[in-house]
There are 2 protein chains.
Amino acid sequence: MKTQRENSRLTTADRLVLTAMRLFGEKGYGSTSVADILREAGANSGSLYHAFPTKQDLLVAVLGLYRDGIEPMLLEPAWTGVDDPIEQIFALLASYRSRLEATGCTYGCPIGSLALELHEPDPPVREALAVNFDGWVSAVEGRLLAARDRLPAQTDIRALAQFVLTVMEGGVMQSRTHRSLQAFDAGVTVLRDYFQRLQTPPPTPDSTERS
Amino acid sequence: MKTQRENSRLTTADRLVLTAMRLFGEKGYGSTSVADILREAGANSGSLYHAFPTKQDLLVAVLGLYRDGIEPMLLEPAWTGVDDPIEQIFALLASYRSRLEATGCTYGCPIGSLALELHEPDPPVREALAVNFDGWVSAVEGRLLAARDRLPAQTDIRALAQFVLTVMEGGVMQSRTHRSLQAFDAGVTVLRDYFQRLQTPPPTPDSTERS
DNA sequence: GTCTATATACGGATAGAC
DNA sequence: GTCTATCCGTATATAGAC
């Protein structure tokens, strides 16, 4: 579960951020010590504190990496070969499922984990988390806009995009706790049912008397 | 945000668990030190370790309290005066909203926070978290069963109950991160729309040609 | 069962030479 | 920019008298 060793062609600062990103994702922020990061990155204390005054600054840098990686590292791989915008949303969810499955339901969404681990994060950290959520939601919103003609006219597109994130995060939380994909899958299935109902026009007023 | 002082008529062990419950909820498990708990409970180190060999044993006891409190502390207050089973589900969600609102969106669901804070919890802790989720889901499932005749016959009741938990936890996570009720409210609104659609029979096959 | 005092480890962060 | 050595606070847990 650890990459062969963060590419040694990078600068020390970059290696430290990448190592921190991996360890924060694996063990969380609080349980990752600066000493862990230094050891795994093959760096020394002085180098880290030269680039990052505090451990928290390192966290903010990691969250920036996640943000910048949403498009190339998350969306692009998930969407190749999938054309339908709504199916792209479910392909995104499937990528989280793969991650859960590949790790025995121990790793889900690193942003969500950090968001709940840090109860009272300092403003820059909280903002960086919020920016990550916003970026994710905006990507889903874009897919919904592309499928707008298949959704009821009065649909709140932004709220529906947030709802997709909600379903992903809630499902990941339960699957990690139960160490089973069942809860995540159940959530996706229900969400799919909802999308199907959204795309099915309701009975017209004068047709209700037929049933 | 702190009770006037955990009732001094209780045994020391009980006072310690109640204090730990409060502090774990406020600051998380990792950020609450044993010294914090001792100070706030007005107890000494020896008393704690006499009753609980480790801090983790204290956590398991706290999770047991949460489990036992679902019915009397959570459901009963939320459901008084609400008769409709589906409205009881939304009343339960409203109780989480109240908690978010009362705390400036800093406290949501203590179980969910712990579930994501503890990345690789020891088996007894993970089980205790899972038991809490199960108890919550079963309560919602009971309400859905009471409303079964208003839902499509093929509805997976258990999965739908899990979905309600998913929506609550995902909404709480985002609202805490954004420090705004908007995301939570949006999730509840979308969920309500879904329930309405579930309760609206779809067009019969031979009526589709009318539209 | 409760008290005080303390063992022991590890945390983040720093100093100052090179 | 990177190195080694280390400061200093706080963490969980324990010892042993009462």
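In what follows, chains are A, B, ... by sequence order, proteins preceding strands, each numbered from 1.
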Rounded to whole angstrom units, what separation is found between the CG atom of L38(B) and the C1' atom of dT2(C)?
12 Å
Strictly under 3.5 Å: I want the nitrogen or oxygen pairs between protein and nucleotides 3-7 of chain D, one per line.
| residue | atom | partner | partner atom | Å |
| --- | --- | --- | --- | --- |
| dC3(D) | OP1 | N44(A) | OD1 | 3.4 |
| dC3(D) | OP2 | N44(A) | OD1 | 2.3 |
| dC3(D) | O5' | N44(A) | OD1 | 3.0 |
| dT4(D) | OP2 | N44(A) | ND2 | 2.9 |

How many whole angstroms separate atom CG of L48(A) from atom C1' of dA15(C)?
16 Å
Please report the distance, rounded to the nearest Å, between OH in Y49(A) and P in dA17(C).
21 Å
Find the distance D36(A):CG to dA13(C):C1' and express it as a whole number of Å.
16 Å
Side-chain atoms of residues 133-141 of chain A: list all donor-acceptor pairs with protein atoms under 3.5 Å, sequence neighbours left out, distances to 0.1 Å.
| residue | atom | partner | partner atom | Å |
| --- | --- | --- | --- | --- |
| D134(A) | OD1 | H178(B) | NE2 | 3.2 |
| W136(A) | NE1 | Y96(A) | OH | 2.9 |
| S138(A) | OG | D134(A) | O | 3.0 |
| S138(A) | OG | R158(A) | NH1 | 3.0 |
| E141(A) | OE1 | R158(A) | NH1 | 2.6 |

With sequence neighbours left out, what residues match A146(B) under side chain to side chain contact (heavy atoms under 4.5 Å, CB included)?
P85(B), R143(B)
Looking only at heavy atoms, what is the nearest atom pair of V60(A) and V125(A), with distance?
CG2-CG2, 4.0 Å
Over how many whole Å does the gap from H50(A) atom NE2 to dA17(C) atom P extend?
17 Å
Pair R150(A) + D84(A): basic N to acidic O under 4.0 Å
yes
Indicate, with a heavy-atom threshold strictly under 4.0 Å, whether T32(B) touches base, sugar-phosphate, or nothing.
sugar-phosphate
S33(A) vs dG11(C): side-chain N/O to OP1/OP2 distance below 4.0 Å:
yes
Please name all residues satisfying side-chain hydrogen bond (donor to acceptor under 3.5 Å, both in side chains) with Q182(B), sequence neighbours left out, ordered by chain then number.
Q162(A)
Can you list everything that forms a ring-ring contact (aromatic ring centres under 6.0 Å, His included) with F163(A)? Sequence neighbours excluded, please.
F163(B)
What is the distance, rounded to the nearest whole Å, between atom CG of D14(B) and atom P of dT2(C)?
11 Å
Mind checking ring-ring contact (aromatic ring centres under 6.0 Å, His included) for Y29(B) and listing every partner two or more places apart, or none if nothing turns up?
F24(B)
Which residues pass the ring-ring contact (aromatic ring centres under 6.0 Å, His included) test with Y194(B), not counting sequence neighbours?
Y194(A)
Within residues 52-60 of chain A, residues whose heavy atoms come under 4.0 Å of DNA chain C
T54(A), K55(A)
Listing, residues 69-79 of chain A side-chain donor-acceptor contacts under 3.5 Å, not counting sequence neighbours, or none:
| residue | atom | partner | partner atom | Å |
| --- | --- | --- | --- | --- |
| W79(A) | NE1 | Q88(A) | O | 2.9 |

